[in-house]
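Presented below is the structure to which this report refers.
In what follows, chains are A, B, ... by sequence order, proteins preceding strands, each numbered from 1.
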Protein chains: 2
Amino acid sequence: MNFNKTTEYSLRILGFMSIEEDKIYSAEVLNENLEIPFRYLRKQLTKLSNNGLLTSYRGKSGGYMLSKPSKEITLWDIIEVTEDIDHTHQCIFGFEDCAFGQRCAIHHKWEKIQEAINEMLKDTTLEELKRIGPQRFISQHNLMLTKNV
Amino acid sequence: MNFNKTTEYSLRILGFMSIEEDKIYSAEVLNENLEIPFRYLRKQLTKLSNNGLLTSYRGKSGGYMLSKPSKEITLWDIIEVTEDIDHTHQCIFGFEDCAFGQRCAIHHKWEKIQEAINEMLKDTTLEELKRIGPQRFISQHNLMLTKNV
DNA sequence: CACAAATGACACCTTTAGGTATTATTAACC
DNA sequence: GGTTAATAATACCTAAAGGTGTCATTTGTG
């Protein structure tokens, strides 16, 4: 009952980038601030670009920037890219025809929760994540660095 | 954002068994009624037994039975066996220290949903699943059989 | 134009969840 | 007690998610 690592990473990346949303961030910089394996981070960034969440700038002094104002990017938008299953209507038993056919006994309960989740995801924008503040992310990194001192 | 197959299967198994909760069901019978690969089903059943949700009877005319009245087994009990992560307090960003340390901006929203889920899981017992009725499960199977006619 | 510093594409490796196969053990029933 | 029909244990296989490595392409700048 949680999101996969790819979603987690994407939320972290975009959350961090929304702190200064007009800035171009290189993969290098993101790697220094977020705890995500460098190659995988790179892969993710290209994916997020290809799916229109980021604009990428190639060549020297290139990098990535949010493609839209942070307040126009919802968590839902992000998750649509990173989780490929349809999570709007799913039967807790995993029966194919449950969502639209015969309902299982606890379907209504489960549906209510799904709706609450979806609503939350659609209502929450990256703007809201700014409040995390840079120190939130950076502290993680420093923690690792200071260990080596 | 959903449960793994193992959880799904377990809910299906126990849901089906709660229809006639005093009956002993063999793996064979369960396999005829639920769409779960036989070997994997067997494995699951042993696991559910080892974790106290089912009582197993070995030898001829053996099988499995709910270890407690269905109204005393919650979905939570089941999920505790089948999903090994701690899903009570998790940061949507996957930061280790988020749950009890510095909170991320949307943590409270996420926490509310988690609580709703947990509450639902703890409140719902297998008793409630009886209402699915046998035809709910069996129809799935018949669907496959009739295809071959 | 050449070099350096960035991303893009694509193939490959690793770990884990999901699924199989085999052999051992148990217990009812003749 | 032997046979048969069930579960138990354990090891192995497979597919998909997570993670790496290499080389090509782009672009700012001396």
Side-chain angles (χ1 to χ4, degrees), chain A residues 1-14 17 23-67 79 81-87 93-94, chain B residues 1-14 17 23-67 78-79 81-85 87 93-94:
Chain A
M1 261 315 289
N2 35 21
F3 297 105
N4 60 35
K5 278 235 176 283
T6 302
T7 299
E8 204 176 288
Y9 289 161
S10 297
L11 290 174
R12 239 191 268 180
I13 294 165
L14 294 165
M17 291 178 70
K23 203 171 134 183
I24 290 180
Y25 296 86
S26 69
E28 184 62 33
V29 167
L30 291 171
N31 182 54
E32 280 161 11
N33 285 285
L34 309 170
E35 290 183 301
I36 304 172
F38 186 63
R39 306 280 178 191
Y40 200 52
L41 172 65
R42 291 276 315 278
K43 203 182 196 176
Q44 289 275 128
L45 288 167
T46 340
K47 191 175 184 188
L48 294 172
S49 300
N50 289 339
N51 285 276
L53 289 171
L54 294 178
T55 309
S56 77
Y57 299 93
R58 299 180 72 167
K60 202 169 175 178
S61 78
Y64 303 87
M65 200 172 74
L66 294 187
S67 64
I79 284 160
V81 170
T82 55
E83 311 251 338
D84 42 18
I85 46 130
D86 167 46
H87 40 91
F93 288 94
Chain B
M1 262 314 290
N2 34 21
F3 298 104
N4 60 34
K5 279 235 176 284
T6 302
T7 299
E8 202 177 291
Y9 289 161
S10 297
L11 290 174
R12 238 190 269 181
I13 294 165
L14 293 165
M17 291 178 70
K23 203 171 133 184
I24 291 181
Y25 297 86
S26 69
E28 184 63 32
V29 166
L30 292 170
N31 182 55
E32 279 161 12
N33 286 284
L34 308 170
E35 290 182 302
I36 304 172
F38 186 64
R39 306 280 179 187
Y40 200 51
L41 171 66
R42 291 277 316 275
K43 203 182 195 176
Q44 290 274 128
L45 288 167
T46 341
K47 191 174 185 188
L48 294 172
S49 300
N50 289 339
N51 284 278
L53 291 170
L54 295 178
T55 309
S56 77
Y57 300 93
R58 300 180 70 167
K60 201 169 176 181
S61 78
Y64 303 87
M65 200 173 75
L66 295 187
S67 64
I78 300 163
I79 284 160
V81 169
T82 56
E83 313 249 339
D84 41 18
I85 46 129
H87 40 90
F93 287 93

Between [N] ([atom2]) and [X] ([atom1]): distance, integer Å:
X: B:N31; N: C:dT20; atom1: CG; atom2: P; result: 11 Å
X: A:R12; N: D:dG18; atom1: CZ; atom2: P; result: 13 Å
X: A:N4; N: C:dT15; atom1: CG; atom2: C1'; result: 15 Å
X: A:K5; N: C:dT16; atom1: NZ; atom2: P; result: 11 Å
X: B:R39; N: C:dT23; atom1: CZ; atom2: C1'; result: 11 Å
X: A:I36; N: D:dT20; atom1: CD1; atom2: P; result: 12 Å
X: A:Y40; N: C:dT14; atom1: OH; atom2: P; result: 17 Å
X: A:E35; N: D:dG19; atom1: CD; atom2: P; result: 12 Å

Would you name the heavy atoms of [X] and [Y] that are closest together and state the gap between them?
X: A:L45; Y: A:L30; answer: CD2-CD1, 3.7 Å
X: B:R12; Y: B:E35; answer: NH1-O, 3.3 Å
X: B:Y64; Y: B:T46; answer: OH-N, 4.3 Å
X: B:Y9; Y: B:P37; answer: OH-CD, 3.9 Å
X: A:I13; Y: A:L34; answer: CA-CD1, 3.7 Å
X: A:K47; Y: A:V81; answer: NZ-O, 3.6 Å

| query | Is any side-chain heavy atom of A:L48 closer than 4.5 Å to a side-chain heavy atom of A:S10? | reply | yes
| task | Measure the shortest side-chain to side-chain distance between B:L54 and B:L66 over non-hydrogen atoms and say whether it is less than 4.5 angstrom. | result | yes
| message | Contact list please: residues 41-52 of chain A against DNA chain D, heavy atoms, distance less than 4.0 Å, in numerical order. | response | A:K43
| said: Just to be sure I understand the geometry, which residues of residues 53-63 of chain B put a non-hydrogen atom under 4.0 Å away from DNA chain D? | reply: B:S56, B:Y57, B:R58, B:G59, B:K60, B:G62, B:G63
| query | So, does A:S67 use its side chain to make a donor-acceptor pair with the main chain of A:G52 at under 3.5 Å? | reply | yes
| Where the side chain of A:S26 is concerned, which of D:dA8, D:dG21, C:dT7 is the nearest nucleotide? | C:dT7
| query | When we call it a touch if two heavy atoms are under 4.0 Å apart, what does A:F38 touch: a base, just sugar-phosphate, or nothing? | reply | nothing
| Just to confirm, is there a sub-4.0 Å distance from OP1 or OP2 of D:dA8 to any side-chain nitrogen or oxygen of B:Y64? | yes
| request: May I ask you to verify if any side-chain N or O of B:T6 is less than 4.0 angstrom from the OP1 or OP2 atom of C:dG18? | output: yes
